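See structure below.
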There are 2 protein chains.
Amino acid sequence: MRVNGTHYRTVWLEGSTVRLIDQRRLPFAFEILSLRTYQETAEAIRDMAVRGAGAIGVAAGFGMAQAALAAPDGAVDAALARAASALRATRPTARNLFYAIERIEAVVAGPAAPAAKRARAGEAAQALADEDARAGERIGEIGQPLLPSPASVLTHCNAGWLAFADWGTALAPIYRAHRDGKAVSVFATETRPRAQGARLTAWELAQEGVPCTLIPDTAAGSAMRQGLVNLVLVGADRIAANGDVANKIGTYQLAVLARTHRIPFYVAAPTSTIDLGCPSGDEIPIEQRADDEVVWTEGLTAEGRPARIRISPDGSRVRNWAFDVTPAEYLTGLVTERGVIRAELRAIAELMHA
Amino acid sequence: MRVNGTHYRTVWLEGSTVRLIDQRRLPFAFEILSLRTYQETAEAIRDMAVRGAGAIGVAAGFGMAQAALAAPDGAVDAALARAASALRATRPTARNLFYAIERIEAVVAGPAAPAAKRARAGEAAQALADEDARAGERIGEIGQPLLPSPASVLTHCNAGWLAFADWGTALAPIYRAHRDGKAVSVFATETRPRAQGARLTAWELAQEGVPCTLIPDTAAGSAMRQGLVNLVLVGADRIAANGDVANKIGTYQLAVLARTHRIPFYVAAPTSTIDLGCPSGDEIPIEQRADDEVVWTEGLTAEGRPARIRISPDGSRVRNWAFDVTPAEYLTGLVTERGVIRAELRAIAELMHA
């Protein structure tokens, strides 16, 4: 990804230190966190310094590698088991987190010298990050023909660079099309409560020079009814075997609105987001986060100082589901690094066993 | 309305001073503004110190009365014409504003002594306020049988006490049912960008002791899909002759979601919100407000100081439609002070000529 002209990944490993862009500070400050232990990495995932399905998967993989690198010879397996447990407990919904941990567990399973296990864990974690970035790039290539020219795409939350190691999913076809010279513009929904659309997507698109219009979440239906949207393109945190999709709260209602207005609704995700062990959306655990995310908000004062303010009355009762489930029937298609498929059991099974 | 146990109206006239609850400060401060001229009253409407269809109608009526009261004997008609023009220019969408101005214009039309015109303007403005409050009370009585017991009602923005002289529209049946002992709870959508749901509805309901759960606008569809909503009840800023409804941005998408989930969707409004001169929603002017409403937000710091912060990156392009139009076909019914009717041309014409 480009930040002020320089290429970055969202999260990477330097020696045994995980480094990542602190997404809690964007768009007002661009800061790189250094996490020296898997515990610090787990905390960064839980606190959403890093967020987005792919990015937390990559961070978890690096966290596993950190645990192996730090463990004395006799305790590599035990350290990996502790790290896996700590990392799994950070956030429940995104499939990529569990996928990454399972991948590292697989390569270090069985008897091997401690040094070999350390090396395998580190290589597997790096491979995961590289695959994630490549999958995003492929999703861009595969998805961009879905965009007419000119195209007005509505997206929700942030499924861009910042949600993955690089490129992203929902935004990858937009970046690809834009670089290829197509006229693409984006409606970014604010995505309350954490406002990843306003804070991250609008910022990412500006870095890449893609025209972006920010709208409140309340305005999505009106924009569609006015004929201003050609296509809805969103990411996913977990896709069940039947094609049901868990993604950021608010995705479901955009899918309903897209269907009402006969606007194509695509979900873009790497195959690492698909969970064949999960039969349908009903079995996807939906994280509930703290009321404070709704009641308080962060930004900059007119003088440029960071500030946090309360925006609803004291004692408000709040529900804060972090995700919702969009039934497969609402999807026009699923854009993966292996191709565009229908969101249904057989097509997904074939894709995963291809 | 009850505020800390005391009964208030949202806006009232004392001598020639318009007094109103400053809704820009709620819920963090309860302050009464004193507006000594119609120009100050117009500015309070434009700047949304007073908002809500009925309340701005009542304020505009009092503004007309202020103009008449302040004018020297030879200039009453001219002052009323200037005030009408200034007040009409404040906000374009809500019908009640224009209705109120027309009502005052009608009673002062033709030859009469200046003192008589002043008296008529003042009496008509007061009558408007009283009618508005009574209409809300009647809407409460007429609407409350629509609520099952227990009832979970989802509402949007604020169509309560604060949006009218008293009682409100969408919240009036809720208050009536609650006072009558029905078990009623409310989901209040935050209603970005100005967050009237979080700031006003949650506060109003707390004052009245009605259980209220605040949700981000992104969570409405998920709440419905989870079966947590029995009924959607919202207000209106203007209702066209064919039953199309202009109301706060986000209303339309709630109507689409309610239909998808087979949840009754009612619009509550006094007949003063119905505009027979407007054939359909296509002819309702939709106010576009400043980008700053989306980009900046206000609240209290942890230390209790009022603060205003920027919540999206510098230079974001924004669309900020204040209202949207919900086609009549989405309404289960229209709850007015004269009864519940279907939202369609003939039923509305009969209601208005009854």
Side-chain angles (χ1 to χ4, degrees), chain A residues 26-28 156 187-193 195 198-199 202-203 206 211-223 225 228 248-257 259-260 294-302 307-321 324-325, chain B residues 26-28 156 187-193 195 198-199 202-203 206 211-223 225 228 248-257 259-260 294-302 307-321 324-325:
Chain A
L26 287 173
F28 303 116
H156 186 57
F187 278 106
T189 52
E190 182 180 26
T191 318
R192 283 281 296 155
R199 297 174 68 102
W203 179 81
C212 171
T213 301
L214 172 65
I215 55 172
D217 297 297
T218 47
S222 180
R225 186 161 179 269
L228 302 177
K248 179 55 52 194
I249 187 79
T251 301
Y252 167 63
Q253 60 196 46
L254 293 175
V256 170
L257 289 164
R259 166 177 284 194
T260 299
V294 178
V295 172
W296 293 81
T297 199
E298 288 172 39
L300 286 192
T301 65
R308 185 165 178 270
I309 61 175
R310 185 154 60 80
I311 51 173
S312 63
D314 216 4
S316 291
R317 192 181 346 187
V318 171
R319 293 304 299 269
N320 183 18
W321 303 288
D324 61 26
V325 171
Chain B
L26 286 173
F28 303 118
H156 186 57
F187 278 106
T189 51
E190 183 180 25
T191 318
R192 284 280 297 155
R199 298 175 68 101
W203 178 82
C212 171
T213 301
L214 172 65
I215 55 173
D217 297 297
T218 46
S222 181
R225 187 163 179 269
L228 302 177
K248 180 57 50 194
I249 187 80
T251 302
Y252 167 63
Q253 61 195 45
L254 293 175
V256 170
L257 290 163
R259 166 176 283 193
T260 300
V294 178
V295 172
W296 293 82
T297 199
E298 288 173 38
L300 286 191
T301 65
R308 185 164 179 272
I309 62 175
R310 186 153 59 81
I311 52 175
S312 63
D314 216 3
S316 291
R317 188 175 355 183
V318 171
R319 291 305 297 267
N320 182 19
W321 303 287
D324 60 26
V325 171

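Chain letters run A, B, ... following the sequence lines, proteins first, then strands; residues in each count from 1. This structure is a prediction, so every number in the text was calculated from the model and none was measured.
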- Message: With chain A as the partner, which of B:Thr218, B:Thr191, B:Asn320 has the greatest number of non-hydrogen pairs under 4.5 Å?
- Response: B:Thr218

Heavy-atom distance under 4.5 Å to chain A: side chain of [X], backbone, both or neither?
X	value
B:Glu298	backbone
B:Ala219	both
B:Ala223	both
B:Val325	both
B:Ala302	both

Nearest heavy-atom pair of [X] and [Y]: which atoms, and what distance?
X	Y	value
A:Phe28	B:Arg310	CZ-O, 3.3 Å
B:Ala307	A:Ile309	CB-CG2, 3.7 Å
A:Ala198	B:Pro313	O-CD, 2.8 Å
A:Trp321	B:Ser222	CE3-OG, 4.4 Å
B:Thr260	A:Val256	OG1-CG1, 3.3 Å
B:Thr213	A:Val318	CG2-C, 4.0 Å

- Message: So if I apply the side chain to side chain contact (heavy atoms under 4.5 Å, CB included) rule between A:Ile215 and each of B:Arg192, B:Arg319, B:Arg317, which one comes out positive?
- Response: B:Arg319

- Query: Between the side chain of B:Gln253 and the main-chain N/O of A:Asp217, is any donor-acceptor distance below 3.5 Å?
  - Reply: yes

- Note on the structure: When rounded to the nearest 0.5 Å, the distance separating CG of A:Asp314 from CH2 of B:Trp203 is 14.0 Å

